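The first residue in the sequence is number 1, and the count goes up from there. As the structure is a computational prediction, the values presented were derived from the model and not from experiment.
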Amino acid sequence: MRGAAQGAAEEQTTGERRTRNRVARSILDHGPSTAADLAQRLGLTQAAVRRHLDALAAEDVVEPREQRVYGSRGRGRPAKVFALTDCGRDAFDQGYDKLAADALQWIASAAGGGESGEAAVSAFARARVAAQAERYRAAVEAADPEERTQALARALSADGYAATARSAPPQLHPGGPAVPAGEQLCQHHCPVAHTAEQFPQLCEAEAEVFSRLLGTHVQRLATIAHGDGVCTTFIPQAHLSAAAPQAPPEQEDQARRKQQEAPPLKDPQDLEDPQHQHDPQDPQGHEPSAPSAGTSGRNPA
């Protein structure tokens, strides 16, 4: 009798752990989430989700943050979102970070250190992502131009990056229609995040590959290696418009005049998705915008 009771307790504990892992995995795949978001995704009650979140927080797997609110805020406090901690991300990583970091450090030292060492690490990073790029190229080129960011996201997800693509909020011009700004490519997981903290050349080489695959410059808005919740890359509207049907000449002239009269593009921070972006300076962790266009700089931003 006692053995049966013990077996039932162990089975319940195993089921609880399995559900708890599903909660953590959902946060990894979708970014910081509220209890209501998780309950809807996983088919659980909010009370059950909160119980699992409390347990995960006690294990330092997740942490609560204040949800960032855009525009006018309603009454009451904003709902809390839960994000993975570094410890939580480590549970999904392969654990070869130290070996990779030691190897890159050896490459830098063997090249003489300093600028020569950094150049050698950059060369290695470009060679590494070049092999990945060839796997992604067929999927991207097979897609219609307006679907290529989505195709790249699917290819990245197959490699463990839990990537998604979504439209960036449109740019608003006074007295004019909303103008689509572009897309955001979001990687909710990075298998080399800890190594990239020491060697940002890994992030730079990846952004260069995205630019080549999509045929346009890109902006790296945030990286997990830099402490942000999601690696976010902005792909401008110019890339997406390649698939649009050509307008009559008079419409093109009118659109060109409006573009010349329009104010400059807003800071990329204004293009962030209010539910999924993270700023290391903000308690919730929404991503900051990069200071300039083009691929990532020396310090992932």
Side-chain angles (χ1 to χ4, degrees), residues 1-69 73-74 76-98 157 159-164 186-197 222-232 272-287:
M1 195 75 172
R2 182 179 177 182
Q6 183 178 359
E10 290 177 353
E11 184 177 349
Q12 182 179 3
T13 300
T14 301
E16 290 277 309
R17 172 53 62 184
R18 188 179 297 115
T19 303
R20 203 162 294 162
N21 289 341
R22 289 176 61 212
V23 171
R25 181 75 205 193
S26 183
I27 295 174
L28 173 70
D29 291 342
H30 297 275
S33 307
T34 65
D37 293 334
L38 291 163
Q40 183 176 12
R41 284 189 217 124
L42 301 175
L44 301 171
T45 65
Q46 291 191 38
V49 168
R50 289 192 183 95
R51 186 176 71 252
H52 290 300
L53 288 171
D54 288 342
L56 290 168
E59 296 171 358
D60 193 31
V61 175
V62 303
E63 61 182 359
R65 298 175 180 175
E66 292 292 334
Q67 186 176 34
R68 188 171 180 178
V69 177
R73 175 179 294 180
R77 293 173 59 83
K80 286 186 180 296
V81 294
F82 291 83
L84 289 181
T85 63
D86 288 341
C87 178
R89 289 188 182 280
D90 288 344
F92 294 97
D93 290 335
Q94 296 296 320
Y96 298 114
D97 290 324
K98 188 176 187 306
S157 293
D159 270 356
Y161 289 89
T164 59
C186 300
Q187 296 157 263
H188 301 279
H189 182 52
C190 177
V192 297
H194 293 307
T195 305
E197 289 177 15
T223 63
I224 294 172
H226 192 252
D228 305 308
V230 178
C231 294
T232 305
E272 297 170 358
D273 185 281
Q275 295 183 355
H276 296 279
Q277 308 308 320
H278 312 276
D279 183 348
Q281 302 300 324
D282 179 77
Q284 188 198 346
H286 288 262
E287 292 122 329

Colleague: Arg22: which residues meet the side chain to side chain donor-acceptor pair (under 3.5 Å) condition with it, sequence neighbours left out?
Modeller: none
Colleague: Does the Thr85 side chain pair with the main chain of Val61, one donor and one acceptor, at a distance under 3.5 Å?
Modeller: yes
Colleague: Evaluate whether atom CD of Glu59 has more than 12 neighbouring non-hydrogen atoms of other residues, nucleotides or ligands under 6.0 angstrom away.
Modeller: yes
Colleague: Rounded to the nearest 0.5 Å, what separates atom CZ in Arg50 from atom NE2 in His52?
Modeller: 13.0 Å
Colleague: Step by step, would you call Leu38 with Arg41 a side chain to side chain contact (heavy atoms under 4.5 Å, CB included)?
Modeller: CA-CA 5 Å; Leu38 291 163; Arg41 284 189 217 124; 3.5 Å; yes
Colleague: To the nearest 0.5 Å, what is the distance between NZ on Lys80 and CG on Leu53?
Modeller: 12.0 Å
Colleague: Looking at every heavy atom in both Ala225 and Ala193, which two are closest together, and how far apart are they?
Modeller: CB-O, 3.6 Å
Colleague: Looking at every non-hydrogen atom in both residues, tell me the closest pair between Gln46 and Ala35 and how far apart they are.
Modeller: CG-O, 4.3 Å
Colleague: Do Arg25 and Leu28 have side chains that approach each other closer than 4.5 Å (heavy atoms only, starting at C-beta)?
Modeller: yes
Colleague: So which heavy atom on Val230 is nearest to which on Cys186, and how close?
Modeller: CG1-CB, 3.7 Å
Colleague: Backbone N or O of Thr34 within a donor-acceptor pair of the Asp37 side chain at under 3.5 Å?
Modeller: yes
Colleague: Residues two or more places apart in sequence or in another chain: which of them pass side chain to side chain donor-acceptor pair (under 3.5 Å) with Asp159?
Modeller: Arg135, Tyr136
Colleague: If I compare all heavy atoms of Leu84 with all of Ala24, which pair ends up nearest, and what's the gap?
Modeller: CD2-O, 4.0 Å
Colleague: Looking only at heavy atoms, which two atoms of Phe82 and Ile27 are closest? And how far apart?
Modeller: O-CG2, 3.5 Å
Colleague: Using modelled atom types and a 3.5 Å cut-off, is there a donor and acceptor pairing between side-chain atoms of Ser33 and backbone atoms of Gly31?
Modeller: yes
Colleague: Taking all non-hydrogen atoms of both residues into account, name the closest pair between Thr164 and His188 and its distance.
Modeller: OG1-NE2, 3.2 Å
Colleague: Name all residues meeting the salt bridge (Lys or Arg N to Asp or Glu O under 4.0 Å) criterion together with Glu63; count only those two or more places apart in sequence or in a different chain, and write none if there are none.
Modeller: Arg65
